[in-house]
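The next block holds one structure in the form of C-alpha cells; read it before the comments.
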Number of protein chains: 2
Amino acid sequence: MVEFATQVENPAESGQQETSLHSEVLERLRDYIVEGNIPEGGRIPERQLCETFGISRTPLREALKVLASDGLVELMPNRGARVRSLSAHDIKELFDLMGGFEALAGRLACERITEEQFEEVLSLHTEMYGHYLRDDRHHYFRTNQLIHDKILEISGNSALIRSARSLSASLRRVRYAANLDDKGLRWAEAVREHEQIIDALRRRDADALASILFHHLRNKSAAVLRSYEEAYR
Amino acid sequence: MVEFATQVENPAESGQQETSLHSEVLERLRDYIVEGNIPEGGRIPERQLCETFGISRTPLREALKVLASDGLVELMPNRGARVRSLSAHDIKELFDLMGGFEALAGRLACERITEEQFEEVLSLHTEMYGHYLRDDRHHYFRTNQLIHDKILEISGNSALIRSARSLSASLRRVRYAANLDDKGLRWAEAVREHEQIIDALRRRDADALASILFHHLRNKSAAVLRSYEEAYR
DNA sequence: TTTTGCAAAATTGCATTCAAATTTGGGATT
DNA sequence: AATCCCAAATTTGAATGCAATTTTGCAAAA
C-alpha cells in the first residue's frame with residue numbers, strides 16, 4: 001500500500017545534499033519531541049511520523065534508537081517508543097549532571113578566558129541584572145541562558161559542549177515550566193549566585209566557580225521540583 | 001544468498017528473551033570495537049560483521065548510528081563507518097570531560113557515602129597501595145579502576161554512571177596503552193593523589209574532592225599524552 | 001613505467017516485505 | 001450485563017530488495 005510519494009524530491013535544492021537523511025531526521029525528530037509536539041509519556045506514532053516527514057520507517061527507527069540512548073525516548077520491546085517522562089528523581093539526577101557539566105565548563109573557562117571574553121560575560125550579566133530590576137522575566141531568562149551558554153563556549157571543550165547541549169535539550173521543557181511557575185522567591189537568590197559566578201570568573205578561581213555553578217544548578221533543580229510538586233497537587 | 005542461519009536460536013534460553021536484538025548487537029559491537037578488534041581509524045566491514053554476528057544489516061546499522069552519536073565511530077556519508085581515531089587534542093578533551101564526571105561523582109559521593117562504604121573504599125586503597133609497594137602493575141591498575149568505579153557507584157546518580165561508563169569505554173584503549181608505557185614517574189604521584197582523595201572523602205569535603213579528582217584525571221591525561229607522543233616518534 | 005578512463009563489482013542508504021508479537025473487536029458463555 | 005475467548009487487524013522488529021554512489025580492476029594512452 002503506497003498511497004503517497006515514495007520518493008520525496010526536493011526540487012528547490014538541486015545542489016549537493018551534504019547531510020544524510022538519517023542525521024537530518026535525527027535533528028528534526030529531536031526538535032519535534034523537545035518542542036513538545038508529543039506529550040510526556042505519549043506513544044510515538046511511527047507510521048504517522050514517517051508520513052509527516054515523508055520518509056520510510058528505517059531512518060526514523062534509526063533516529064529513535066539514538067534518541068533512546070540519549071534518554072529522550074523510551075523503547076519498549078515489541079511495544080514501540082514513547083517520550084520519556086521524567087520523575088522527580090530523574091529530574092534531580094539530570095540537573096545534578098547538568099551541574100557537573102557547568103562546573104567543568106567553569107573550571108575550564110577559568111583557564112582559558114581572555115579579558116575580552118570576560119567583558120562579554122560581564123556585559124551579559126549587567127544586561128540580565130537590568131531585566132531583573134525591570135521585572136522582565138522573559139528577557140531575564142533568555143539572557144541567563146546566554147551567560148551559561150557563553151561559559152560553555154569559553155570552556156572550548158567540544159565534547160563537553162555536545163554533551164551539555166544534548167542534556168540541556170532534554171531538560172528544556174522542564175526548565176521552561178519552572179520558569180513560568182517561579183514566584184520570585186528564587187529569583188533574587190539566583191541573581192546573587194550570578195554575582196558570585198562573575199566574581200569567581202574575574203578571579204579565575206576554578207574551584208570556587210565549579211562549586212558555585214554546581215550549587216546554582218542544585219538550587220535551580222530544587223525550584224523546578226517545588227513547582228513540579230505544586231503542579232501535581 | 002543465505003548461506004548461514006538467518007535466525008540465531010538460543011536453545012539454552014527457552015524463557016523470555018527480555019533483550020531486543022538491537023540492544024544486544026549494540027553491546028556486542030561496542031565491546032568488539034573497544035576490545036580493539038578493528039584498528040584505530042579502520043573501516044567497519046558492515047556485511048562481514050553481519051555474518052560474524054549472524055544478523056542482517058538493519059540492526060547492525062542501527063547500532064552504528066548509536067555508537068556514532070557516542071563518538072566511538074565516525075559515519076562518512078555514502079562511504080561507511082570507521083572507528084574514530086583520537087587525536088591528542090581529542091584525548092585531552094575527553095579526559096577533561098572524564099575529569100568532570102569524576103569530580104561530580106566525588107561531590108555526590110561526599111553527600112551520600114556511609115561509613116561502611118567509606119571503609120570499602122579505604123580497603124581498596126590499602127590493597128592498591130600494597131600492589132604499588134610490590135610493584136605489581138597489573139593488579140595496581142585493576143584496583144585503581146575499582147576505586148574510581150566505586151566512587152561513581154556511591155554517587156548514586158544513574159545518568160552520571162551511564163555517561164561516565166560510556167566515555168570510559170571509549171578511552172579504554174588509550175588508557176591501557178598508557179598504563180603499559182608508564183615508566184614509574186607518574187606512579188608515585190598518582191599514589192599521593194589517591195591519598196588526598198581518601199582524605200577528602202573521609203572529611204566529606206565535596207569541593208576538595210572534586211578538585212582533586214579533576215586534577216588527578218588531568219595528570220593522567222598528561223601522562224597518556226606523553227606516552228602517545230613517544231609512541232609516534 | 002606511470003597516469004587516465006571507464007565499466008564491472010561492491011557497498012551504501014533507504015524502501016519494502018515478512019514473520020512474530022500485540023492490540024482490538026466482537027460474540028459466546030455465564 | 002459482565003467476563004472471557006479468540007480470530008482479525010495493527011504494529012513491531014528484522015530481513016531483504018533496489019537504486020544510487022563509491023571503489024576496484026584493468027586496459028589504453030602518455
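Keep in mind that this is a model prediction, so the values were computed, not measured. Each chain gets a letter, A, B and so on, in the order its sequence line appears, and its residues count up from 1.
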Scan nucleotides 10-12 of chain C against the protein and return all N/O pairs shorter than 3.5 Å with their distances rounded to 0.1 Å.
{"unit_1": "C/dT12", "atom_1": "OP1", "unit_2": "B/R43", "atom_2": "NH2", "d": "3.4"}

Could you tell me which non-hydrogen atom of B/S85 sits nearest to which non-hydrogen atom of B/D90, and how far apart they are?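 Scanning both residues completely, I find the closest heavy atoms to be O-OD2, 3.9 Å.
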Sequence-distant partners of A/E62, side-chain hydrogen bond (donor to acceptor under 3.5 Å, both in side chains), two or more places apart: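 side-chain hydrogen bond (donor to acceptor under 3.5 Å, both in side chains) list for A/E62, sorted by chain: empty.
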Contacts of B/Q145 that satisfy side-chain hydrogen bond (donor to acceptor under 3.5 Å, both in side chains) - sequence neighbours left out: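 B/Q145 satisfies side-chain hydrogen bond (donor to acceptor under 3.5 Å, both in side chains) with B/D149 once adjacent residues are dropped.
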Once you round it to whole Å, what is the distance between [atom2] of [N] and [atom1] of [X]?
| X | N | atom1 | atom2 | answer |
| --- | --- | --- | --- | --- |
| B/L21 | C/dA21 | CG | P | 14 Å |
| A/L64 | D/dA14 | CG | C1' | 15 Å |
| A/H22 | C/dA15 | NE2 | P | 13 Å |
| A/E24 | C/dG13 | CD | P | 15 Å |
| A/E62 | C/dG13 | CD | P | 9 Å |
| A/E51 | C/dA15 | CD | C1' | 14 Å |

Anything under 30° is parallel, anything over 60° is perpendicular, the rest tilted; go ahead and classify A/H216 against A/H148.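 Ring orientation, 0 to 90° scale: parallel.
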Parallel, tilted or perpendicular for B/H194 and B/H125, by the 30°/60° rule?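 Parallel: the ring planes of B/H194 and B/H125 meet at under 30°.
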Heavy-atom donor-acceptor pair, B/T58 side-chain to D/dA15 base, under 3.5 Å: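 Answer yes: a donor N or O sits under 3.5 Å from an acceptor.
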Taking CD in B/E116 as the centre, count heavy atoms belonging to other residues, nucleotides or ligands within less than 6.0 Å. Is the count above 12?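 No, because the 6.0 Å sphere around CD of B/E116 holds 12 heavy atoms or fewer from other groups.
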